[in-house]
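For reference, the structure discussed in these notes is given below.
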Amino acid sequence: MTQEKWGLLRNKLLKAIGKNNYTTWIEPLEFQELQDGVAVFSVPTNFMGNYVSQNFADLILYEMNTAGETVQRLAFRVAANSPARPKTETEPEPTVVRDAPVSPQMDVANDALESLQAAPLDSRFTFDSFVVGKPNELAHAAARRVSEGGPVTFNPLVLYGGVGLGKTHLMHAIAWELKTKHPELNVLYLSAEQFMYRFVQALRERRMMDFKHLFRSVDVLMVDDVQFIAGKDSTQEEFFHTFNALVDQNKQIIISADRAPGEIKDLEDRVKSRLQCGLVVDLHPTDYELRLGILQNKVQQYSRTYPDLTIADGVLEFLAQRISTNVRVLEGALTRLFAFASLVGREIDMELTQDCLADVLRASERKITVEEIQRKVSDYYNIRLSDIIGPKRLRSYARPRQVAMYLCKQLTSRSLPEIGRRFGGRDHTTVMHGVKRIEELKTTDGQIAEDVEMLRRALEA
């Protein structure tokens, strides 16, 4: 069999297995010889030989025999200039035949994977400690489904949302669940920054094939904060190829980001497209009920550490109402309260809370203005700001105007006459009618209820 004939066979293999698999596994193979029915190939690493033997050997044998060659089995030898460990004088040439079991080299790869777990999992971040509410129930359900480790139903799973909304908590919870229920799976969790660091390290040490094999041999790949690879062209390209290779093998990919893939600046279109082809789930800003539930859950945990401390009625409700930025700030405030109260030996009451958290409460006082609400509503309904304020009474303007008045009444401390003046000098009774009308429609019109909720979340974010 000649090199020219092998070149023709490679073209057939490209059409049969697709470009990604071909580039990763077939292109690096170098045909050496065909002797006594054994086709010998040179490979960069033993790991690659094992993988090709298990996944593509039957296809290669079929194509060779179809082309008129008599081939009974394949053998793979590590190339002399590869970074493989040196052999002893008595050690035989490493050979992998088609039907051979997985060699010890696979264990070496698995050991290397263990060293890749550069992002340690936090034992506190489990599904049991995750408080579920309306803003995060879909993300929680999707994470639960993936953590079952069954057939891949949506790939990738992309969790996105602002700071402190629970993305990392869910990522860790998935990893813990998979490691507990399916210890046989290679679950790799790392940040996008660590992926980039490993990529640059492999480039510097000229070990790109090891890098590719390592990342393509995982069963579940979890990458946190993927927005950090935006603008890094080479890293994005390698991430793209890794992504494709794992999807082709039906391996699960889980990604988190601080915004939707389509909104990440400097992220290549092909990467955005790939991320958007699975299930993309938004973790919405927390609402009052969810924040209160999180605080109650944390109090139960702290009560074991501080059994003598008591917390007065109304304190948790006060914190859930006032601190709406993100969960980390909320939990940090509660931690400070318990620590301070234990040091001074006092009950956690409203006075102590306001004294201890004065700086946090000041920082959390984001005042929503009437003008901000008017701008947000006009953008949402795609009408001009002047039409919100102006005298036109067409339904397409009147309903958004009433929604804006309702939100002003709910989210600001302005009086009805003040709100009326900001809406083109309208009387307070007009504002009162608009507020009442929206309250009625919220119970009968699902679209209005959804619009109001979306706008409220956007304004409070």
Side-chain angles (χ1 to χ4, degrees), residues 1-84 93-103 105-106 109 151-152 155-156 207-219 221 236-253 268 270-271 273-274 277:
M1 181 173 172
T2 63
Q3 292 290 344
E4 183 181 358
K5 204 166 187 180
W6 168 240
L8 295 174
L9 285 177
R10 293 208 309 179
N11 290 332
K12 291 185 178 180
L13 292 171
L14 170 62
K15 295 177 182 178
I17 66 175
K19 185 176 180 181
N20 292 322
N21 278 323
Y22 174 85
T23 303
T24 305
W25 305 110
I26 303 301
E27 196 172 49
L29 300 181
E30 294 183 9
F31 176 72
Q32 297 293 314
E33 60 180 354
L34 175 58
Q35 188 173 2
D36 298 327
V38 180
V40 181
F41 293 89
S42 174
V43 291
T45 65
N46 242 337
F47 177 79
M48 171 174 273
N50 275 297
Y51 190 91
V52 174
S53 176
Q54 293 170 31
N55 295 277
F56 303 114
D58 289 333
L59 179 61
I60 295 173
L61 285 169
Y62 170 79
E63 292 293 352
M64 282 185 159
N65 284 283
T66 302
E69 304 292 341
T70 304
V71 186
Q72 297 171 347
R73 62 189 179 94
L74 307 179
F76 301 93
R77 295 174 181 166
V78 176
N81 60 349
S82 72
E93 191 75 28
T95 304
V96 183
V97 295
R98 182 186 62 81
D99 54 354
V102 180
S103 76
Q105 291 293 333
M106 187 69 80
V152 177
N155 211 10
R207 298 181 59 189
M208 277 307 299
M209 288 307 298
D210 290 342
F211 175 90
K212 289 175 182 291
H213 297 161
L214 235 46
F215 276 91
R216 285 157 173 73
S217 64
V218 301
D219 297 303
L221 177 63
Q236 286 191 65
E237 182 166 352
E238 184 54 42
F239 177 79
F240 176 77
H241 291 311
T242 299
F243 187 107
N244 286 341
L246 291 175
V247 169
D248 288 343
Q249 298 172 52
N250 204 31
K251 302 297 180 65
Q252 181 68 60
I253 301 173
E268 290 184 7
R270 59 178 179 172
V271 178
S273 175
R274 271 300 192 178
C277 72

With side chains defined as the heavy atoms from C-beta onward, is the minimum distance between [X] and [Y] less than 4.5 Å?
X    : Y    : value
R216 : T24  : yes
K19  : H241 : no
I26  : I17  : yes
K251 : L221 : no
V271 : F243 : no
L14  : R10  : no

Spacing of [atom1] belonging to [X] relative to [atom2] belonging to [Y], to within rounding of 0.5 Å:
X    : Y    : atom1 : atom2 : result
D36  : Q72  : CG    : CD    : 9.0 Å
F239 : N244 : CZ    : CG    : 10.0 Å
S53  : R73  : OG    : CZ    : 10.5 Å
R77  : E30  : CZ    : CD    : 13.5 Å

Nearest heavy atoms of [X] and [Y], plus distance in Å:
X    : Y    : result
Y22  : P28  : O-CD, 4.4 Å
P44  : V78  : O-CG1, 3.7 Å
V218 : F215 : CG2-O, 3.3 Å

Salt bridge present between E238 and K212 (N-O < 4.0 angstrom): yes

Backbone N/O of E268 and side chain of Q236: donor-acceptor pair under 3.5 Å: yes

Sole candidate of E69, E4, M64 that passes side-chain contact (heavy atoms from CB on, under 4.5 Å) when paired with L9: M64

Single hit among V52, V43, L13 for side-chain contact (heavy atoms from CB on, under 4.5 Å) with W25: V52

Audit row: Q252, N155, side-chain hydrogen bond (donor to acceptor under 3.5 Å, both in side chains) steps and yes/no: CA-CA 6 Å; Q252 181 68 60; N155 211 10; 3.2 Å; yes

